Amino acid sequence: LRRSSYLLGRWLGLAIVVVLYAALSGLLAIGAVAIVSGYTPPSVLQPVAYLAGQALVILTLTVLLSTRLPAIAGGAVAVVAYGIAWLAGVLGHIGIALGTDGLVGVGNFSRILLPTDTLWQGVVFGLEPSIVIDSIGNQQVAQGNPFFALEAPNPAYVAWAVAWVVLALVLAIVLLRRREL
């Protein structure tokens, strides 16, 4: 069994579990909110798909890190990286509201380095009532709110998230091939 086959098989098996878990938990949460409040988002599948994509990015980062670290340490570092990327995304949104280019740059850099915040904005956008999105007057203030998304993520960012996963898997394969067992 080649190392690349082992790594890709492991990733694929975990990816199936992670996507199923994200879809099931997302749909259950949307269903619970619908039962309690009567609200369902305009599209049920869109936020669930972004949530699953976000989970795949974190899984891929964990697999990449586990080629050099023990698996538990790789997972812990991935969770910390996710938190840092989310915080950088929040700072980027605050930078938009304040007109501070430095903070906006931090947010943009974090979206390139680890695209989880972009996918999270897709989840937020997919869950928002369309009447709220339509009623927003000041777009700069709305874009500066890290808990609101005026629009779905730019398709280029989503494409980057997909490319990021592929590149991270390729790097993981290269690193695992060079690792002494």
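On a predicted model such as this, the values are computed, not experimentally measured, just so you know.
With values rounded to the nearest 0.5 angstrom, Arg68 atom CZ is found 8.0 Å from Leu176 atom CG. In this structure, CG in Leu56 is found 12.5 Å from CG in Leu61, a value given to the nearest 0.5 Å. Atom CG of residue Leu119 and atom CH2 of residue Trp160 lie 12.5 Å apart, to the nearest 0.5 angstrom. Here OG of Ser4 is found 11.5 Å from CG of Leu169. Values are rounded to the nearest 0.5 Å.
Remark: Tyr82 engages Gln54, Ile58, Thr116 in a side-chain contact (heavy atoms from CB on, under 4.5 Å) (not counting sequence neighbours). With sequence neighbours left out, Thr67 forms a side chain to side chain donor-acceptor pair (under 3.5 Å) with no residue at all.
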Which pairs would a plain distance check flag for residues 74-81, meaning a side-chain donor or acceptor within less than 3.5 Å of a matching protein atom at least two apart in sequence or in another chain?
none

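Although no hydrogens or angles enter the test, the distance criterion places no donor-acceptor pair under 3.5 Å between the side chain of Ser5 and the main chain of Leu1. In this structure a side-chain-to-backbone donor-acceptor pair under 3.5 Å is present from Trp164 to Leu113.
Within the structure, every pair that satisfies the salt bridge (charged side-chain N to carboxylate O under 4.0 Å, His left out) test and touches residues 116-126, not counting sequence neighbours, is listed here: Arg111-Asp117. Within the structure, side-chain hydrogen bond (donor to acceptor under 3.5 Å, both in side chains) contacts touching residues 26-41 (residues at least two apart or in different chains) do not occur. For residues 160-170, the set of pairs meeting the salt bridge (charged side-chain N to carboxylate O under 4.0 Å, His left out) definition, not counting sequence neighbours, is empty.
Here the side chains of Leu51 and Tyr21 are not in contact, with every heavy-atom distance at 4.5 Å or above.
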